[in-house]
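Okay, so here's the structure we're looking at.
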Protein chains: 2
Amino acid sequence: MDGSRKDDLKELLKKSGYKFTDQRSAVLDVLIKHKDSHLSIDDIYNYVKERNPDIGIATVYRTLTLLQKVGAVVKLDLDDGFSRYELSRQDEDHRHHHLICTNCGDVSEVEDDLLDALEEQILEKDGFLVTDHRVKFYGLCKKCR
Amino acid sequence: MDGSRKDDLKELLKKSGYKFTDQRSAVLDVLIKHKDSHLSIDDIYNYVKERNPDIGIATVYRTLTLLQKVGAVVKLDLDDGFSRYELSRQDEDHRHHHLICTNCGDVSEVEDDLLDALEEQILEKDGFLVTDHRVKFYGLCKKCR
DNA sequence: GTTGGTGCAAAATCTTTGCATCTGG
DNA sequence: CCAGATGCAAAGATTTTGCACCAAC
């Protein structure tokens, strides 16, 4: 199940003239293993070091930038001052949304989209062609209400 | 027209035990003058210095943090690595959306909301009570299409 | 073998903080 | 007056970069 992810990445990289290295593979492994976690760079660095103790933080930065460039990951901003990343999902045409609890800080996700109507309206009114979006909802989660 | 803004801030600060200083007033002036600009901290610092050459960057940081705390400004993340701020608008119950052109980098705004249905659905399905949101649309602006 | 990749440490950025001094109310 | 605010410089934190060495293809 996860092997296909790796093959995909190998393919993606090769297509653009990049190499498939141990470090890149290890970063991908961490992202797969923690796919629901919105990891920060430092989180990723620390997890990767468990298996690959010699990796440098610079490589992690460079790897994530590259993975984002080839579309394998997406950068998130959860307003806590850290860059966070999550795997992009091939079955999504648009990004899912994040629910951020302003009380406990928990971050969950909603798969629903429902922005098509709005995007169509933006095209008509503003002439702006939407290709992607990033949506964050703030509020109170079930537990905190 | 802008005097009311200042009175509002004075009021807001006083209410919470903060002082209305020249520096805070100057920062607000800059934000009012460039209300459609999504200024970075450094932009704000430089504009403020024109009138108030002795102000320190630390004061600008502290002021913006405070203004956000009392609800006078909103922090933006436009994915360029800078913290940006804009005045909050008292006539909005929800934030407007930003359209970010992935070709020329231009940032414009849409006032439409249309997320009420989605937010209601989130409450029913996830038990999450949405109080605010932040929405960014990526795509091609009129000029770049 | 080439060309791109990696690790390390230094540098560059952005932001926060300690402290002496100043100022609004 | 006095609590909060400011300016400055130093410290923190995050991210980027130069360079010699290494590894994928």
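A, B, ... follow the sequence lines: proteins, then strands. Residue 1 opens every chain.
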Notebook entry, point to check: In whole angstroms, how far is the C1' atom of D/dT15 from the CZ atom of A/R84?
Noted result: 16 Å
Notebook entry, point to check: Taking only residues two or more places apart in sequence or in another chain, which ones pass salt bridge (charged side-chain N to carboxylate O under 4.0 Å, His left out) with A/R145?
Noted result: none
Note to self: Once side chain to side chain contact (heavy atoms under 4.5 Å, CB included) is applied, do any residues pair with A/N46, and if so which ones, sequence neighbours excluded?
What the structure shows: A/D42, A/K49
Check: Taking atom CD of A/Q68 as the centre, does the number of heavy atoms from other residues, nucleotides or ligands within less than 6.0 Å exceed 12?
Finding: yes
Note to self: So if I apply the side chain to side chain donor-acceptor pair (under 3.5 Å) rule between A/E86 and each of A/R95, A/H34, A/K35, which one comes out positive?
What the structure shows: A/R95
Next item on the list: Return the angle between end axes of the helix from C/dG1-D/dC25 to C/dG25-D/dC1, with five pairs used per end and rounding to 10°.
Entry: 40°
Could you list the donor-acceptor pairs under 3.5 angstrom formed by side chains in residues 24-31 of chain B, with sequence neighbours left out?
{"from": "B/R24", "atom 1": "NH1", "to": "B/K19", "atom 2": "O", "distance (Å)": "2.8"}
{"from": "B/S25", "atom 1": "OG", "to": "B/K6", "atom 2": "NZ", "distance (Å)": "3.4"}
{"from": "B/D29", "atom 1": "OD1", "to": "B/K6", "atom 2": "NZ", "distance (Å)": "3.1"}
{"from": "B/D29", "atom 1": "OD2", "to": "B/K6", "atom 2": "NZ", "distance (Å)": "3.3"}

Margin query: Side-chain N or O of B/Q23 versus OP1/OP2 of C/dT23: is the shortest distance under 4.0 Å?
Written below: no
Check: Taking N and O atoms by type only, does the side chain of B/R62 place a donor or acceptor under 3.5 Å from a partner on the base of D/dG7?
Finding: yes
Next item on the list: Take B/G17 and B/I55, find for each the nucleotide of DNA chain D with the closest heavy atom, and name the residue whose nucleotide sits nearer the 5' end.
Entry: B/G17
Check: So which of residues 67-81 of chain B are in contact with DNA chain D, with a heavy-atom cut-off of under 4.0 Å?
Finding: none
Next item on the list: With sequence neighbours excluded, tell me which residues meet side chain to side chain donor-acceptor pair (under 3.5 Å) with B/D132.
Entry: B/R134
Next item on the list: Find the distance A/L13:CG to C/dG5:P and express it as a whole number of Å.
Entry: 9 Å
Next item on the list: Tell me, please, which residues at least two apart from B/R51 pass salt bridge (charged side-chain N to carboxylate O under 4.0 Å, His left out).
Entry: none
Notebook entry, point to check: Where each residue is assigned the nucleotide of DNA chain C containing its nearest heavy atom, which of B/F82 and A/V60 is assigned the position nearer the 5′ end?
Noted result: A/V60
Notebook entry, point to check: Among all residues two or more places apart in sequence or in another chain, which pass the side chain to side chain donor-acceptor pair (under 3.5 Å) test with A/R62?
Noted result: none
Note to self: Using a 4.0 Å cut-off on heavy atoms, which residues in residues 36-54 of chain A reach DNA chain C? List them by number, or say none.
What the structure shows: A/D54
Note to self: According to ring-ring contact (aromatic ring centres under 6.0 Å, His included), who are the partners of A/F20, at least two apart in sequence or on a separate chain?
What the structure shows: none
Check: When you check the phosphate oxygens OP1 and OP2 of C/dG24, does a side-chain N or O of B/R24 lie under 4.0 Å from one of them?
Finding: no
Notebook entry, point to check: Between A/S83 and D/dT15, is there a side-chain N or O to OP1/OP2 distance below 4.0 Å?
Noted result: yes
Item checked: Length of the line joining B/E11:CD and C/dG25:C1', which is rounded to integer Å -> 14 Å
Note to self: From OH of B/Y18 over to P of D/dA5, roughly how many Å is that when rounded to an integer?
What the structure shows: 7 Å
Checklist line | Interatomic spacing from CG in A/L99 to CZ in B/F128 - rounded to 0.5 Å | finding: 5.0 Å
Between protein and nucleotides 21-24 of chain D, what N or O pairs are separated by less than 3.5 Å?
{"from": "D/dA24", "atom 1": "N3", "to": "A/K19", "atom 2": "NZ", "distance (Å)": "3.3"}

Next item on the list: Have a look at B/I57 and say if it touches a base, only the backbone sugar-phosphate, or nothing, with a 4.0 Å heavy-atom cut-off.
Entry: nothing
Notebook entry, point to check: Around atom OH of B/Y47, are there more than 12 heavy atoms of other residues, nucleotides or ligands at under 6.0 Å?
Noted result: no
Item checked: With B/D22 via side chain to side chain donor-acceptor pair (under 3.5 Å) - residues at least two apart -> none
Item checked: Below 4.0 Å: OP1/OP2 of C/dT15 and any side-chain N or O of B/Y61 -> yes
Check: Do the two ring centres, one from A/H133 and one from B/H97, sit under 6.0 Å apart?
Finding: no
Notebook entry, point to check: Can you check whether A/G71's main-chain N or O pairs, donor with acceptor, with A/S88's side chain at less than 3.5 Å?
Noted result: yes
